[in-house]
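See structure below.
Protein chains get the first letters and strands the later ones, always in sequence-line order, with residue 1 at the start of each. All heavy atoms count here, side chains included; hydrogens, waters and symmetry mates do not.
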2 protein chains.
Amino acid sequence: MSLSTSDRSLLEPAIRRLNALRPLSTEARTALEYALLEGLQRAGSAEDLISEGDPVDSVRLVLSGWLCRYKTLEDGRRQIVNFIFPGESCDAHAFLLSVMDHSIAAMTQVVYSEIKRARFEALVAGDRSLAEAFWCETLVNNAIQREWAINLGRRVALERVAHLFCEIFERLRPVGMVEGNSCIMPVTQMDLADATGLSVVHLNRTVQELRSSGLIVLRERTLTINDLDALKDAALFSPSYLQLYRRG
Amino acid sequence: MSLSTSDRSLLEPAIRRLNALRPLSTEARTALEYALLEGLQRAGSAEDLISEGDPVDSVRLVLSGWLCRYKTLEDGRRQIVNFIFPGESCDAHAFLLSVMDHSIAAMTQVVYSEIKRARFEALVAGDRSLAEAFWCETLVNNAIQREWAINLGRRVALERVAHLFCEIFERLRPVGMVEGNSCIMPVTQMDLADATGLSVVHLNRTVQELRSSGLIVLRERTLTINDLDALKDAALFSPSYLQLYRRG
DNA sequence: CGAGTTCTTGATCCTACTCAAGAAGCGTGG
DNA sequence: CCACGCTTCTTGAGTAGGATCAAGAACTCG
């Protein structure tokens with residue numbers, strides 16, 4: 001059995017990202033690729049992959065599409081606490097805990113791979129580089145979550161939205177989802193509001209402010225950043241927490 | 001060489017907490033205890049243990065005292081993104097990443113133990129239960145960070161402060177730092193403001209609202225929660241994210 | 001083409017911020 | 001033990017950033 005070209009291109013972003021976090025051995029890479037191909041799944045837009053309170057017994061790795069992690073309060077208030085992009089895992093090792101503390105929803109059509117607990121454990125037990133890559137992933141995730149705390153707690157609306165756009169752009173870049181100064185932005189303004197802790201109305205006005213100052217163009221589900229440095233300045237954005245250049 | 005009684009009582013909260021996350025083997029426990037005793041350190045109140053941008057090459061485990069993780073913006077705005085309590089580690093495996101993305105400050109006198117990278121790696125490589133306990137710790141930390149996102153993004157001031165008090169109380173309980181319905185609260189209102197994303201003035205007014213409604217007493221660096229259930233209701237607090245009862 | 005989202009705009013309200021200053025607490029040194 | 005300075009807490013007054021309410025426009029999609 002060997003991998004076809006289409007298999008390779010499907011897996012490529014995920015493998016590339018893990019490999020950037022921690023160089024994978026050839027064997028680990030191959031073992032992972034086969035495991036991924038065996039567990040392929042699809043989810044439709046707006047579908048919940050897993051919900052708060054659900055038990056976890058597998059690891060999902062996203063191959064294409066956008067997802068988000070979110071939590072809700074009893075009265076319906078909702079906060080998107082993070083996005084999940086291709087190459088990222090939904091819940092590596094999360095089965096060590098009993099249940100999900102949050103929900104994960106697909107925001108677009110999604111292709112992912114589900115690896116059962118035992119299989120995943122065997123994979124990471126068999127190769128140190130793979131275990132470390134997943135470790136790193138969790139740590140980076142943690143760092144992003146901390147940055148979201150300061151975003152929600154201390155930045156004003158304009159900075160907050162600008163920061164979110166910068167982060168999305170920089171996270172999409174290494175998985176090949178940025179072209180020139182544009183990337184897809186397949187989410188509604190309500191989603192952006194829930195990610196920035198703003199009301200939809202105020203998010204809309206803030207986006208328009210960014211538009212009219214010429215920093216961004218956002219239309220037809222595409223975000224174009226005219227002047228990334230200027231947007232970063234407006235956002236007080238400093239990308240080190242993303243650990244993108246660990247090996248540079 | 002054997003452990004004295006005072007050694008044991010010093011290490012007890014940390015060991016107990018790790019053990020609650022994942023039952024430790026006797027050998028792992030002993031090996032960890034010796035490593036901890038060899039790396040004992042102290043830090044004074046308001047001292048930074050490590051700062052954003054610093055390289056990391058060791059793991060610190062807190063034995064007594066309170067710390068916080070915080071980030072700052074260029075113009076001085078500061079957000080405390082989490083607290084660190086006895087039994088928790090500052091940066092398990094953080095050396096897998098290049099540098100700290102945030103700072104860690106002591107809020108009281110702190111006793112902690114520093115384990116150098118190689119030593120730590122040998123410890124977790126030698127015992128699966130220990131590795132898993134530290135894994136779990138990171139995952140719980142991650143979950144707490146997510147809850148902070150919804151706290152900062154979607155709860156109003158009163159809920160936010162009430163939620164913080166509930167969380168602190170529930171996190172201090174399993175390490176024996178709660179007596180009756182009281183726990184220490186050795187932080188200034190400015191710190192609480194930075195943790196809740198509020199201004200000092202508004203935090204103060206919010207605390208007074210909680211006081212005058214009879215929910216809490218906060219004086220002389222002690223927090224007393226008169227009616228925990230009522231406070232939880234006011235905070236929309238649901239403790240499952242803390243994973244306190246994983247084995248129950 | 002029609003119904004349901006999503007986006008946009010206007011008007012009003014209110015939560016939380018800022019500025020300012022006094023009170024209380026606390027540590028240090030005389 | 002008290003005086004002094006510094007930090008922390010508290011209160012008042014005015015402001016503003018962002019929420020809410022409401023309704024129309026533009027876009028999807030069956």
CD1 of B:Ile216 to CG of B:Asp227, rounded to nearest 0.5 Å, is 12.5 Å
Which pairs count as salt bridge (charged side-chain N to carboxylate O under 4.0 Å, His left out) when at least one residue sits in residues 203-220 of chain B, sequence neighbours excluded? none
Give a yes/no on whether any side-chain N or O of A:Gln208 is located under 4.0 angstrom from OP1 or OP2 of C:dC7. no
With the side chain defined as heavy atoms from C-beta on, A:Leu198 is closest, among D:dA19, C:dC7, D:dT8, to D:dA19
Name the residue closer to the 5' end of DNA chain D, choosing between B:Asn204 and A:Gly197 according to the nucleotide with the nearest heavy atom. B:Asn204
Contact residues, residues 150-166 of chain B to DNA chain C [heavy atom, < 4.0 Å]: B:Val156, B:Ala157
So, with a heavy-atom separation below 4.0 Å from DNA chain C, the residues of residues 65-85 of chain B are none
A:Leu67 CG to A:Cys90 SG distance, which is reported to the nearest 0.5 Å: 5.5 Å
Side chain of A:Thr188 (C-beta onward), nearest among C:dT9, C:dC7, D:dT11: C:dC7
Rounded to whole angstrom units, what separation is found between the CE atom of A:Met190 and the P atom of C:dT8? 16 Å
Length of the line joining B:Leu203:CG and C:dT15:C1', which is rounded to integer Å: 15 Å
Base-contact (B) and sugar-phosphate-only (S) positions in nucleotides 20-30 of chain D, heavy-atom cut-off under 4.0 Å, - elsewhere: BB---------
Taking only residues at least two apart or on different chains, which pairs with a member in residues 72-87 of chain B satisfy salt bridge (charged side-chain N to carboxylate O under 4.0 Å, His left out)? A:Glu159-B:Arg77, B:Asp75-B:Arg77, B:Arg78-B:Asp191, B:Arg78-B:Asp194
Is it true that B:Trp148 and B:Glu167 share a donor-acceptor pair across their side chains at a distance under 3.5 Å? yes
According to the interplanar angle, ranging from 0 to 90°, do the rings of B:Phe83 and B:Phe85 count as parallel (below 30°), tilted (30 to 60°) or perpendicular (above 60°)? parallel
Would you call A:Lys232 and A:Glu170 a salt bridge, using N to O less than 4.0 angstrom? yes
Taking side chain as C-beta onward, heavy atoms only, is A:Leu40 less than 4.5 Å from A:Leu10? yes
What closest approach, in Å, do A:Leu231 and A:Leu215 show between heavy atoms, and which atom pair accounts for it? N-CD2, 3.9 Å
Rounded to the nearest angstrom, tell me the gap between atom CD in A:Glu209 and atom C1' in C:dT8. 15 Å
Quick test of your reading: applying salt bridge (charged side-chain N to carboxylate O under 4.0 Å, His left out), list the pairs with at least one residue in residues 100-110 of chain A, sequence neighbours left out, ordered by first then second residue. A:Lys71-A:Asp101, A:Asp101-B:Arg146
A:Gln145 and A:Asn82 side chains, donor-acceptor separation under 3.5 Å: yes
Classify A:Arg219 by what it touches in the nucleic acid, base, sugar-phosphate, or nothing, heavy-atom distance under 4.0 Å. nothing
Atom-to-atom span, CD of B:Gln189 to P of C:dC26 - whole angstrom: 13 Å
